[in-house]
Amino acid sequence: PEAITVQELANRMAERSVDVIKLLMQQGQMAKINDILDADTAELIATELGHTVKRVSDADVEEGLYDLPADDKAEDLTPRPPVVTIMGHVDHGKTSLLDAIREANVVSGEAGGITQHIGAYQVEKNGQKITFLDTPGHEAFTAMRARGAQATDIAILVVAADDGVMPQTIESIKHAKAAGVPIIVAINKIDKHEADPNRVRTELLQHEVFVESMGGEVLDVEVSAKTHQGLDKLLETVLLQAEVLELKANVDGRAEGLVIEAKLDRGRGAVATVLVQRGSLHVGDIVVAGTEWARVRALINDKGEQVKSALPSTPVEVLGFSGVPNAGDRFSVVETEARAREVTEYRQRAIREKTAGGGATSLEQMMNQLK
Ligand code: GTP
Ligand code: MG
């Protein structure tokens with residue numbers, strides 16, 4: 001690989017893109033999230049952040065044995081929809097807002113009205129697509145909120161106007177800040193008698209979220225999932241924010257991305273909901289995700305329809321996995337079934353050795369042990 005974008009490099013290292021940008025700045029290089037770094041710079045940054053770097057030949061990368069960046073050239077990148085994660089305290093109306101935006105009704109199907117997984121949906125506004133990830137607000141689901149924040153370009157922080165800033169509101173702010181993603185505040189339940197949006201704005205100040213009317217730069221929108229007030233404005237604000245970010249991806253080539261959630265389904269076997277971040281995923285592709293692989297038997301979009309392929313920023317269900325991958329695993333398409341077996345068996349072995357104690361400590365050591 002000759003080059004990699006700032007975002008991809010950060011993703012690969014599971015680091016925050018802001019940290020990569022900060023380090024680049026310290027070295028006198030002003031960079032944005034989609035800017036492309038050459039291999040030398042990328043290696044330097046990775047080393048600075050304490051990662052072991054092993055350059056491999058392109059042939060090795062082709063074979064999918066290494067989790068290494070694909071080399072996207074600037075001219076190969078085309079605009080992609082923003083991925084927007086909805087975060088906030090339990091019951092503040094995240095799923096209801098998303099239902100209202102989609103004109104669907106997910107809340108009523110949830111056990112006790114509590115979201116327990118990440119839902120992924122795509123909507124269209126003014127001819128532009130937006131991908132939404134819903135996250136749970138219950139305190140038990142910290143890891144899912146963290147994962148949601150990492151997979152996203154923009155976070156919508158939902159705060160109920162009758163309740164104000166609560167513990168998981170604060171936690172969500174921390175996740176969004178840690179992931180370096182811009183926040184849009186949706187002050188929800190504005191239809192209620194007790195609604196006090198200015199109290200929300202003031203409380204947010206204490207957590208360093210400065211909305212415009214308080215002299216800051218964070219955009220806030222008053223909304224009601226019940227009456228649909230403010231929803232258009234919220235979507236327009238998302239598109240405005242997305243425009244500033246200049247989000248791009250390469251739509252050609254083998255797909256890669258992130259496993260959002262995965263489960264064992266009685267009728268359908270192991271099912272993974274993935275977010276494609278680069279390339280195009282097709283039915284028939286051979287996909288490796290963590291220690292599991294699939295020959296993609298079917299792709300199902302957020303509307304429950306079978307589709308033949310999925311482009312960057314698209315959430316899609318993948319059927320055909322050998323076992324259930326982990327939420328948060330990266331996935332990538334490989335050339336052959338034999339290669340998929342080799343990679344996943346290798347990873348399973350590496351994990352076994354590691355958990356057996358005294359095993360390999362870095363990818364490089366693992367590779368050496370394999371020879
Ligand atoms: P978790 O996923 O469990 O964190 O909850 P959530 O944030 O998704 O909240 P949910 O959408 O399930 O809504 C919680 C309750 O608030 C439900 O009873 C909704 O009907 C109600 N609600 C949500 N939005 C509004 C609103 O704008 N106005 C009013 N009046 N009620 C709302
Ligand atoms: Mg919910």
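The first residue in the sequence is number 1, and the count goes up from there. All values reported here derive from a predicted model rather than from experimental measurement. Remember, it's 1-based here, ligands and their atoms both numbered in the order they're listed.
Counting only N and O atoms by type, the side chains of Thr291 and Gln348 include no donor and acceptor under 3.5 Å apart. If you check the side chains of Asn188 and His92, you find no donor sitting under 3.5 Å from an acceptor. Checking Asp99 against Ser96 by side-chain atom types alone, no donor-acceptor pair falls below 3.5 Å.
Nearest protein heavy-atom contact of atom 6 (P) of ligand 1 is Lys94 N, 3.5 Å. Counting only heavy atoms of the protein, atom 5 (O) of ligand 1 lies nearest to Asp91 N, 3.1 Å. Of the protein's non-hydrogen atoms, Asp191 OD1, 2.7 Å is the one closest to atom 28 (N) of ligand 1. Looking at atom 12 (O) of ligand 1, its nearest protein heavy atom turns out to be Gly113 O, 3.4 Å. Given atom 2 (O) of ligand 1, the protein heavy atom at minimum distance is Thr115 OG1, 2.7 Å. Ranking protein heavy atoms by distance to atom 9 (O) of ligand 1, first place goes to Gly93 N, 3.2 Å. The protein heavy atom nearest to atom 24 (N) of ligand 1 is Asn188 ND2, 3.2 Å. The protein non-hydrogen atom at the shortest distance from atom 16 (O) of ligand 1 is Lys189 NZ, 3.0 Å.
In summary, Thr95 places an N/O/S atom under 2.8 Å from the Mg ion (ligand 2), meeting the contact criterion.
Of all the heavy atoms of Thr95, the ones lying under 4.0 Å from any atom of ligand 1 are found in both the backbone and the side chain. For Val90, heavy-atom contacts with ligand 1 shorter than 4.0 Å involve the backbone as well as the side chain. When non-hydrogen atoms are compared, ligand 1 lies under 4.0 Å from the backbone of Lys226 as well as from its side chain.
In summary, Arg352 and Glu345 do not engage in a salt bridge, as defined by a charged side-chain N under 4.0 Å from a carboxylate O. Glu194 has no carboxylate O lying under 4.0 Å from a charged side-chain N of Lys189, or vice versa, which leaves the two without a salt bridge. A salt bridge links Arg80 with Asp153: at least one charged nitrogen is closer than 4.0 Å to a carboxylate oxygen. No salt bridge links Glu236 with Lys233; every basic N to acidic carboxylate O contact stays at or beyond 4.0 Å.
Distance remark: protein heavy atom not present below 4.0 angstrom from atom 18 (O) of ligand 1.
For atom 27 (O) of ligand 1, the nearest non-hydrogen atom from the set Gly88, Pro136, Ala225 belongs to Ala225.
Side-chain atoms of Arg199 come within 3.5 Å of backbone atoms of Asp163 as a donor-acceptor pair (strictly under, hydrogens ignored). Between the side chain of Thr131 and the backbone N or O of Thr314, no donor-acceptor pair lies under 3.5 Å. Of the possible donor and acceptor atoms, one in the side chain of Thr152 sits under 3.5 Å from a partner among the backbone N and O of Thr85.
Counting atoms of ligand 1 from 1 in the listed order, those under 4.0 Å from a heavy atom of Lys192 are 30 (N). Remark: ligand 1 atoms within the under-4.0 Å shell around heavy atoms of Ser96 are 10 (P), 11 (O), 13 (O), 19 (C), 23 (C), 24 (N). Counting the atoms of ligand 1 from 1 in the order shown, those under 4.0 Å from a heavy atom of Ser224 are 27 (O).
Atom-to-atom distance recorded for Lys94:NZ and Ile86:CD1 is 9.5 Å, nearest 0.5 angstrom.
Note: no N/O pair closer than 3.5 Å links Ile190 and ligand 1 by distance alone.
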